[in-house]
Number of protein chains: 2
Amino acid sequence: MAIDHLDGALIELLAREPRIGVLEASRRLGVARGTVQARLDRLQSNGVIRGFGPEVDPAALGYPVTAFATLEIKQGQGGDVRAHLATVPEVLELHTTTGHGDMLCRLVARSNADLQRVIDRVVGFDGIVRASTAIVMENPVPLRIIPLVKQASGD
Amino acid sequence: MAIDHLDGALIELLAREPRIGVLEASRRLGVARGTVQARLDRLQSNGVIRGFGPEVDPAALGYPVTAFATLEIKQGQGGDVRAHLATVPEVLELHTTTGHGDMLCRLVARSNADLQRVIDRVVGFDGIVRASTAIVMENPVPLRIIPLVKQASGD
DNA sequence: CCACCTGCTAGGCATCATGCCCAGCAAATG
DNA sequence: CATTTGCTGGGCATGATGCCTAGCAGGTGG
């Protein structure tokens with residue numbers, strides 16, 4: 001479960017050059033191929049590395065607008081709301097949270113006007129009492145994991 | 001820039017079985033290898049597919065607590081705050097937004113107690129006026145892109 | 001103190017995928 | 001009508017992969 005320095009270096013290497021093979025990785029890290037293979041297997045069965053799925057940019061798909069919506073849910077309707085939001089393709093992510101809102105979701109849309117349509121679809125559901133939306137203007141720190149990996153592997 | 005059905009099917013296939021090769025993908029999709037290769041190249045240079053980096057689970061690294069913090073920033077301090085947050089490994093993501101808060105960031109921590117430390121570090125900076133934090137309890141819809149890809153490629 | 005187990009190294013081997021080439025062909029474009 | 005673009009189907013050399021063996025160091029428990 002804990003990660004050591006070699007694991008960390010391997011993850012960093014894979015993040016920088018994803019198309020690298022096991023053999024090339026072993027050369028870069030200066031260890032035997034079998035070691036890299038074993039570490040990779042372990043990281044994957046550990047769940048540390050969930051997979052190597054393609055990272056798709058919604059903007060390049062024609063959805064350049066991102067927003068976060070905080071939703072307030074009617075008591076006991078949580079399950080229904082979840083199921084409803086799961087059917088909306090523009091909902092990229094949904095969390096239930098503590099705090100004032102009950103749920104937080106990430107939305108994308110084709111334009112600011114289109115965002116209105118998406119929000120209407122999201123909140124046009126009985127269990128949702130109130131929604132407050134924050135439109136993303138900039139993304140100074142895109143989703144990243146490497147700094148955390150470095151910290152977890154002892155810098 | 002727009003995506004057709006074959007592109008969509010290719011992305012879905014890669015998302016389901018990331019370790020698949022170009023050759024195997026071409027067999028599954030029933031097209032020639034060169035076609036898959038060309039589509040993949042195009043999707044990558046288009047920026048639709050940003051890469052194939054490993055998806056690392058923070059929980060498996062020992063950071064099972066996720067939270068979203070809404071920050072209010074003192075006028076003119078935006079740049080400094082951004083730079084500050086970029087140095088905190090537990091800040092996985094940072095957006096500037098419209099709405100009441102000025103920024104929204106995703107945090108992880110080793111525990112609820114540790115989250116206090118992280119928040120102190122995040123807000124312990126001059127330009128930040130106020131912070132409100134929502135701790136994630138559940139994640140009913142994990143970050144996903146496939147439904148959007150299907151929609152963008154014409155179902 | 002010894003036996004054991006685990007993790008890393010180093011190598012061998014057959015199979016398979018890759019990158020790169022070609023020529024042919026169909027549809028869309030000018 | 002000529003050209004361009006995208007897909008097909010194939011060939012070929014190189015390289016990576018999956019799977020195996022054997023040796024060796026370190027730590028653990030009897």
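Below, read A as the first sequence line, B as the second, and so on, with proteins coming before strands; counting in each chain starts at 1.
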Close N or O pairs between protein and nucleotides 6-13 of chain D (under 3.5 Å):
unit_1: D/dC7; atom_1: OP1; unit_2: B/Arg39; atom_2: NE; d: 2.8
unit_1: D/dC7; atom_1: OP1; unit_2: B/Arg39; atom_2: NH2; d: 2.4
unit_1: D/dT8; atom_1: OP2; unit_2: B/Ala32; atom_2: N; d: 2.8
unit_1: D/dT8; atom_1: OP2; unit_2: B/Thr35; atom_2: OG1; d: 2.3
unit_1: D/dG11; atom_1: O6; unit_2: B/Arg33; atom_2: NH2; d: 3.2

Protein-nucleotides 21-25 of chain D N/O pairs under 3.5 Å:
none

Would A/Arg33 and A/Arg27 count as a side-chain contact (heavy atoms from CB on, under 4.5 Å) here? Give the steps. CA-CA 8 Å; A/Arg33 179 165 69 108; A/Arg27 283 194 281 254; over 6 Å; no

Test side-chain hydrogen bond (donor to acceptor under 3.5 Å, both in side chains) on B/Asp120 and B/Gln116 and set out the steps. CA-CA 6 Å; B/Asp120 287 346; B/Gln116 187 59 55; 3.0 Å; yes

Derivation and outcome, side-chain hydrogen bond (donor to acceptor under 3.5 Å, both in side chains), residues B/Gln44 and B/Asp41: CA-CA 5 Å; B/Gln44 298 207 60; B/Asp41 289 349; 5.2 Å; no

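For the atom pair CG (B/Asp80) and NZ (B/Lys74), the distance works out to 10.5 Å, reported to the nearest 0.5 Å. A distance of 8.0 Å separates OG1 in B/Thr96 from CG in A/Asn139, rounded to the nearest 0.5 Å. Between A/Leu40 atom CG and A/Thr35 atom OG1 the span is 11.5 Å, to the nearest 0.5 Å.
Within the cation-pi definition used here (under 6.0 Å to the ring centroid, within 45° of the axis), A/Arg106 does not qualify as a partner of A/Phe68.
Direction change of the helix axis from one end of the helix from C/dC1-D/dG30 to C/dG30-D/dC1 to the other is 40°, with five pairs defining each end axis (rounded to 10°).
The two atoms that bring B/Ala25 and B/Leu10 nearest to each other are CB-CD1, 4.3 Å, heavy atoms only. Across A/Tyr63 and B/Ala152, no two heavy atoms sit closer than the pair CE1-CB, 4.3 Å.
Non-hydrogen atoms lying under 4.0 Å from DNA chain C are contributed by B/Gly21, B/Val22, B/Leu23, all within residues 10-24 of chain B.
Applying the 4.5 Å side-chain rule to ILVMFWY residues, one finds B/Val65, B/Leu71, B/Ile73, B/Val81, B/Leu85, B/Val88, B/Val91, B/Leu94, B/Met103, B/Leu107, B/Leu115, B/Val118, B/Ile119, B/Val122, B/Val123, B/Phe125, B/Ile128, B/Ile135 in the same cluster as A/Val141.
Phosphate proximity of D/dA16 to A/Arg27: present, with a side-chain N or O under 4.0 Å from OP1 or OP2.
Where DNA chain C meets chain A (any atom under 4.0 Å from a heavy atom), the bounding nucleotides read 5' to 3' are C/dC8 to C/dG12.
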